[in-house]
Number of protein chains: 2
Amino acid sequence: MVKPTDSELEILHVLWLNGPSTVRQIHEELSRNRDIGYTTALKLMQIMYEKGLLTRTEDARSHVYTAAVSEEDTQRSLVDRFVETTFRGSASKLVMQVLGQHKASREELDEIKNLLKQIDQNTTDEK
Amino acid sequence: MVKPTDSELEILHVLWLNGPSTVRQIHEELSRNRDIGYTTALKLMQIMYEKGLLTRTEDARSHVYTAAVSEEDTQRSLVDRFVETTFRGSASKLVMQVLGQHKASREELDEIKNLLKQIDQNTTDEK
DNA sequence: TTGTATTTACGAAAGGCTTCGTATATGTTT
DNA sequence: AAACATATACGAAGCCTTTCGTAAATACAA
């Protein structure tokens, strides 16, 4: 599984959110957050294409790029790596850190609680 | 807050675990996990010293290095960054990902549930 | 004291990421 | 057709990280 850099993640996020886009569209989105030249965005996307992170159609004058990796898979693989390097493999340590640090909304907390319940049940079932 | 690289994190982990150490000691620990030259470890630690990630005493022939940043603070700052880049700031999404993916032990799950209860109470108190 | 081992310091190479300038191709407008 | 706008391709610079070789200092042993 390929590990996207931070810049590449920015681009992937736009594609995941908006669907297939041209370089111009991506560049416009990125420009909202920070200063970045058009050819810089272009180059990034060309490299991502070589890496297999993006696909593209070259029919039109402007190429249309599509994310070749899913948000789910990418996040999973990044989380794996992060847990390993930063928490020495202890996922629960990470969870505790996050919950202790960030304010989650009531809805989010409920979601998490429900998820925990499900895990509980599954664990019990297995026995 | 400085962001340690993955290699630097490895070194910090050893120092957090074992306390102040010489280059030799660090190198021995790192060698357990992967091939790495002695001078490579030395150079890394010298750079970390310049960055302010480590302090050192030069009294003895062998310098003794100490972590200049705490594990807690470092993890907090790394988590912040990670949530931002990978989950666009949604901490709960990260938690859901981790819980859905990694098997946590019963004790860990209980810990997390307790933490959630505390958060619940605090949230209620505030109202 | 001479040689051996260990340590630090330093420089430099290799590779990756980000950035942009320039060249070239391709449409569009007048 | 000529001028203009826009797109892609490409190369290269600048920076950072990792890696290691080599030199110089320091301690110890024969």
Side-chain angles (χ1 to χ4, degrees), chain A residues 1-15 20-66 69 74 78 81-82 84-86, chain B residues 1-15 20-66 69 74 78 81-82 84-86:
Chain A
M1 185 56 152
V2 192
K3 184 196 179 188
T5 66
D6 287 356
S7 294
E8 289 171 345
L9 256 186
E10 284 183 344
I11 292 174
L12 283 175
H13 272 295
V14 177
L15 287 171
S21 311
T22 62
V23 173
R24 178 141 307 277
Q25 289 170 321
I26 298 289
H27 177 248
E28 267 170 21
E29 280 305 315
L30 298 189
S31 296
R32 291 186 200 284
N33 299 325
R34 61 188 184 97
D35 253 11
I36 180 175
Y38 176 85
T39 54
T40 301
L42 169 68
K43 182 71 166 184
L44 281 174
M45 293 171 75
Q46 284 173 339
I47 291 176
M48 291 172 75
Y49 171 69
E50 287 167 14
K51 286 185 184 174
L53 287 172
L54 305 182
T55 60
R56 73 180 184 190
T57 66
E58 312 187 357
D59 319 330
R61 180 152 121 79
S62 301
H63 299 175
V64 176
Y65 287 82
T66 309
V69 294
T74 305
L78 287 175
R81 207 180 288 254
F82 185 69
E84 202 48 54
T85 58
T86 304
Chain B
M1 186 56 155
V2 192
K3 184 195 178 189
T5 67
D6 286 358
S7 294
E8 290 171 344
L9 256 186
E10 284 183 345
I11 292 174
L12 284 175
H13 273 295
V14 177
L15 288 171
S21 311
T22 63
V23 173
R24 178 141 307 277
Q25 290 169 321
I26 297 289
H27 176 249
E28 268 170 21
E29 281 304 315
L30 297 189
S31 295
R32 291 186 201 284
N33 299 326
R34 62 187 183 95
D35 255 10
I36 180 174
Y38 176 84
T39 53
T40 302
L42 170 67
K43 182 71 166 183
L44 282 174
M45 293 172 74
Q46 284 172 340
I47 291 176
M48 291 172 75
Y49 171 68
E50 286 167 14
K51 286 184 183 175
L53 287 173
L54 307 182
T55 60
R56 73 181 182 188
T57 64
E58 312 187 357
D59 320 331
R61 180 152 122 77
S62 302
H63 299 175
V64 176
Y65 288 81
T66 308
V69 294
T74 305
L78 287 175
R81 208 180 286 255
F82 185 68
E84 201 48 54
T85 58
T86 304

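Here is how names work: the chains are called A, B, and so on, in the same order as the sequence lines, proteins then strands, and each is numbered from 1. Given the structure is predicted, the values throughout are model-derived calculations rather than measurements.
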Check: Nearest heavy-atom pair of Tyr65(B) and Leu54(B): which atoms, and what distance?
Finding: CD2-CD1, 3.8 Å

Check: Any salt bridge (charged side-chain N to carboxylate O under 4.0 Å, His left out) pairs touching residues 27-38 of chain B, not counting sequence neighbours?
Finding: Glu10(B)-Arg34(B), Glu29(B)-Arg32(B)

Contact residues, [range] to DNA chain D [heavy atom, < 4.0 Å]:
range                     : answer
residues 22-31 of chain A : Val23(A), Arg24(A)
residues 44-57 of chain A : Gln46(A), Arg56(A)
residues 6-14 of chain A  : none

I'd like a list of close polar pairs between nucleotides 21-28 of chain C and the protein, N/O only, cut-off under 3.5 Å.
residue	atom	partner	partner atom	Å
dT26(C)	O2	Arg61(A)	NH1	3.2

What's the separation between atom [atom1] in [X] and atom [atom2] in [Y], rounded to the nearest 0.5 Å?
X        : Y        : atom1 : atom2 : result
Thr86(A) : Arg81(A) : OG1   : CZ    : 11.5 Å
His63(B) : Thr57(B) : NE2   : OG1   : 8.0 Å
Ser7(B)  : Leu12(B) : OG    : CG    : 11.0 Å
Thr5(A)  : Met48(A) : OG1   : CE    : 7.5 Å
Asp6(A)  : Thr85(B) : CG    : OG1   : 5.0 Å

Return a table of donor-acceptor pairs under 3.5 angstrom between the side chains of residues 36-46 of chain B and protein atoms on other chains or two or more places apart.
none

Next item on the list: With sequence neighbours left out, write down each residue that passes side-chain contact (heavy atoms from CB on, under 4.5 Å) with Val2(A), or none if nothing qualifies.
Entry: Leu53(A)

Checklist line | Partners meeting side-chain contact (heavy atoms from CB on, under 4.5 Å) with Thr66(A) (sequence neighbours left out) | finding: Pro20(A), Thr55(A)

Item checked: Side-chain N,O (Tyr38(A)) to OP1/OP2 (dT19(C)) below 4.0 Å -> no

Check: Taking the nucleotide of DNA chain D with the closest heavy atom to each, which residue, Arg34(B) or Val64(A), is nearer the 5' end?
Finding: Val64(A)

Next item on the list: Please list, chain by chain and in numerical order, all residues satisfying salt bridge (Lys or Arg N to Asp or Glu O under 4.0 Å) with Glu50(B), sequence neighbours excluded.
Entry: none

Note to self: What is the separation between atom CG on Leu42(A) and atom C1' on dC20(C), rounded to the nearest whole Å?
What the structure shows: 11 Å

Margin query: Could you tell me if the side chain of Pro4(B) sits less than 4.5 Å from the side chain of Leu78(B), heavy atoms only?
Written below: yes

Next item on the list: Please examine the side chains of His27(B) and Leu30(B), heavy atoms only from C-beta on, and report whether any two atoms are closer than 4.5 Å.
Entry: no

Notebook entry, point to check: First and last nucleotide of DNA chain D touching chain B, 5' to 3', heavy-atom cut-off 4.0 Å?
Noted result: dT17(D) to dA27(D)

Checklist line | First of Asp35(A) and Ser62(B) reached from the 5' end of DNA chain C, by closest nucleotide | finding: Ser62(B)

Next item on the list: Apply side-chain hydrogen bond (donor to acceptor under 3.5 Å, both in side chains) to Lys51(B) and list each qualifying residue two or more places apart in sequence or on a separate chain.
Entry: Glu8(B)

Margin query: Pairs counted only when both distances fall under 3.5 Å, Watson-Crick or G-U: show me the 5' to 3' dot-bracket for DNA chain D, [ ] for pseudoknotted crossings and | for other-strand partners.
Written below: ||||||||||||||||||||||||||||||

Check: Hey, mind stepping through Ser62(B) and Val23(B) against side chain to side chain contact (heavy atoms under 4.5 Å, CB included) and telling me if it holds?
Finding: CA-CA 8 Å; Ser62(B) 302; Val23(B) 173; over 6 Å; no

